[in-house]
Colleague: 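I have a structure I would like to understand better, so I am pasting it below and will then ask my questions one at a time.
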Number of protein chains: 2
Amino acid sequence: MLAQHDEAKAKIIDIARKIFSHFGFKKTTMEEIASASRKGKSSIYYYFNSKEEIFKAVVEKEAEELKEELHSGISEIDDPIEQLKVYISIRMQKLKKLTNFYTALKSEYLTNLEFIEDIRKNYDDDEVRMITIIIQDGIDRGKFAVEDPYLSAVAIVTAMKGLEVPFFFSKEPVYFEDRLNDIVNFLFYGIIKR
Amino acid sequence: MLAQHDEAKAKIIDIARKIFSHFGFKKTTMEEIASASRKGKSSIYYYFNSKEEIFKAVVEKEAEELKEELHSGISEIDDPIEQLKVYISIRMQKLKKLTNFYTALKSEYLTNLEFIEDIRKNYDDDEVRMITIIIQDGIDRGKFAVEDPYLSAVAIVTAMKGLEVPFFFSKEPVYFEDRLNDIVNFLFYGIIKR
DNA sequence: CGACTATTTGACAAAAATAGTCGAATCGTG
DNA sequence: CACGATTCGACTATTTTTGTCAAATAGTCG
């Protein structure tokens, strides 16, 4: 029973996700989500209270996906230096694909939706936390030399944010790996103990 | 004066084209076209009488583009067999990119716009006409053996239409050139004089 | 079967978004 | 400065869209 219900919900979220990805929150209509789900519009309201609620579910799912991918990506690695590299690489490449989550983080227009604030704050905290752990680990193992791992984490997050625009929107295909290496190396030579 | 005016119009058409390409006719708003053009909405109405008129201009421009590309593509070639191959190849690849023109040709939803009918009819006629000429030329030079070049042209156009869906919408990257060659060859062995 | 719950839907009202109008302001140029 | 070209803000009428509700249907379990 519950399983059925949740499955139906999950299906709707999946479908809505695709439509939101293409048309964004505003331009996507309940009618479209419904007919793509082979349901009447009212049926969608049986599962969700509002369009906003669906969007929230979509965004949260994307955020979850990113988090999982980051975790499983770095958990396979032992060396903190490599971990940091992989973290940055995955985060930049994956975030680019999570359009709904990304616009949830960035769009001016969405700021008035209440849950957006939470998402943003949570994500920021999460990200700093994860990187702090990696750095702290690096310090413990004598690989990184920084005063305050938290501050370094914030710096790295800031750097990544700055890179989003050129990476996501530049017209020429960006040679991501190359550039990424440059940047990571640059960061590291201020960080790595010699 | 006129030059200025037409230039401004052309710029609007270009910008509108991009937006229409992404969001389609219905979901594109005049406000968006305007602000992307760095103008007020009313200013757009100074140049065009309606959204429909802009869309029409966009579609016509795309149709023009296709026509030109086809003409210049085959005009460089002498051999009718090659001409036909190139025609089919260009038409399939280019049409895929001309989203507005393509949806103008196909979309159920747009059928109620008056000018759409004209566009469709014109395009169909045009296409059959161009291919008929190529085939006729092939017959004259003793390369093709068909009773009625017009009927063959219609057949080829029909075949191309049938190929649109698999080519345009298939998820795996279609190895266009390979497939195209197969199909063209298939057509030809019913056509070419031996 | 038949009572009860879960699900679906169409018709509808209230709210929001949008196309298109108009008159006034501004710009540019002879 | 005078005149046409262009821009724009404020406005209205229309359409679209969200979200509600009550009724219909499907499904389940005693």
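Labels below follow one simple rule: chain letters A, B, ... track the order of the sequence lines, proteins then strands, and each chain is numbered from 1.
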Colleague: Figure out the CD/P separation between E31(B) and dC8(D), and round it to whole Å.
Modeller: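 Spelled out: CD on E31(B) to P on dC8(D) is 11 Å.
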Colleague: Mind calculating the distance between CD1 (I54(B)) and C1' (dA19(C)) to the nearest angstrom?
Modeller: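 Whole-Å distance recorded here is 11 Å.
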Colleague: May I have the distance from I12(B) (atom CD1) to dT7(D) (atom C1'), rounded to whole angstrom?
Modeller: 11 Å
Colleague: Side chain of Y46(A), heavy atoms from C-beta onward: which of dT9(C), dC22(C), dT8(C) has the nearest atom to it?
Modeller: dT8(C)
Colleague: Can you work out whether K26(B) or A8(B) has the more 5'-proximal nearest nucleotide on DNA chain D?
Modeller: A8(B)
Colleague: Indicate yes or no: at least one non-hydrogen side-chain atom of I77(B) is less than 4.5 angstrom from one of K85(B).
Modeller: no
Colleague: Look at the side chain of S42(A) and decide which nucleotide, out of dT17(D), dT20(D), dA19(C), has an atom nearest to it.
Modeller: dT20(D)
Colleague: What is the distance, to the nearest angstrom, from the CD1 atom on I44(B) to the P atom on dC8(D)?
Modeller: 9 Å
Colleague: Only pairs with both distances under 3.5 Å count, Watson-Crick or wobble alike; so what is the partner of dA17(C) in this structure?
Modeller: dT14(D)
Colleague: Compare every heavy atom of I134(A) with every heavy atom of P80(A), then report the nearest pair and how far apart it is.
Modeller: O-CG2, 3.7 Å
Colleague: Taking any heavy-atom pair under 4.0 Å as a contact, classify T28(B): base, sugar-phosphate, or nothing.
Modeller: sugar-phosphate
Colleague: Need the pair for dT29(C). Rule: Watson-Crick or G-U wobble, both distances under 3.5 Å, any strand; none if unpaired.
Modeller: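 For dT29(C), the partner nucleotide comes out as dA2(D), under the 3.5 Å rule.
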Colleague: Please confirm whether the shortest side-chain N or O distance from Y45(B) to OP1 or OP2 of dG20(C) is below 4.0 Å.
Modeller: yes
Colleague: For F25(B) and R38(A), find the nucleotide of DNA chain C closest to each by heavy atoms; which residue's nucleotide sits nearer the 5' end?
Modeller: R38(A)
Colleague: Taking only N and O in the side chain of K51(A), is any of them less than 4.0 Å away from OP1 or OP2 of dT16(D)?
Modeller: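 No, K51(A) has no side-chain N/O under 4.0 Å of OP1/OP2 on dT16(D).
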Colleague: Look at the side-chain N and O atoms of Y47(B) and state whether any lies under 4.0 Å from the OP1 or OP2 oxygen of dT7(D).
Modeller: yes
Colleague: Whole angstrom is fine here: how far is it from CE in M30(A) over to P in dA14(C)?
Modeller: 20 Å
Colleague: K39(B) has an atom NZ; how far is it from atom P of dT6(D), in whole Å?
Modeller: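 In whole Å, dT6(D) P lies 9 Å from K39(B) NZ.
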Colleague: May I ask which nucleotide in the shown strands pairs with dC12(C), Watson-Crick or G-U wobble, both distances under 3.5 Å?
Modeller: dG19(D)
Colleague: Report the distance from atom CD of Q4(B) to atom P of dA5(D), rounded to the nearest whole Å.
Modeller: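 From Q4(B) CD to dA5(D) P: 13 Å.
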Colleague: Does dT9(C) have OP1 or OP2 sitting under 4.0 Å from an N or O in the side chain of S43(A)?
Modeller: yes
Colleague: Check whether the side chains of Q83(A) and Y87(A) place a donor and an acceptor atom closer than 3.5 Å, and report yes or no.
Modeller: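 Y87(A) and Q83(A) do not have a side-chain donor-acceptor pair below 3.5 Å.
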Colleague: Among the clusters formed by ILVMFWY side chains lying less than 4.5 Å apart, do M130(B) and I139(B) turn up in the same one?
Modeller: yes
Colleague: Taking NZ from K27(A) and P from dT16(D), how many angstroms apart are they, rounded to a whole number?
Modeller: 14 Å
Colleague: Check for me whether the distance between the ring centres of H5(A) and Y47(A) falls short of 6.0 Å.
Modeller: yes
Colleague: Under a plain distance cut-off of 3.5 Å, with no hydrogens placed, do Y102(A) and E164(A) share a side-chain donor-acceptor pair?
Modeller: yes
Colleague: Tell whether K41(B) reaches the base of dG9(D) with its side chain through a donor-acceptor pair below 3.5 angstrom.
Modeller: no
Colleague: Tell me whether the OP1 or OP2 atom of dA6(C) has a side-chain N or O from K9(A) closer than 4.0 Å.
Modeller: no
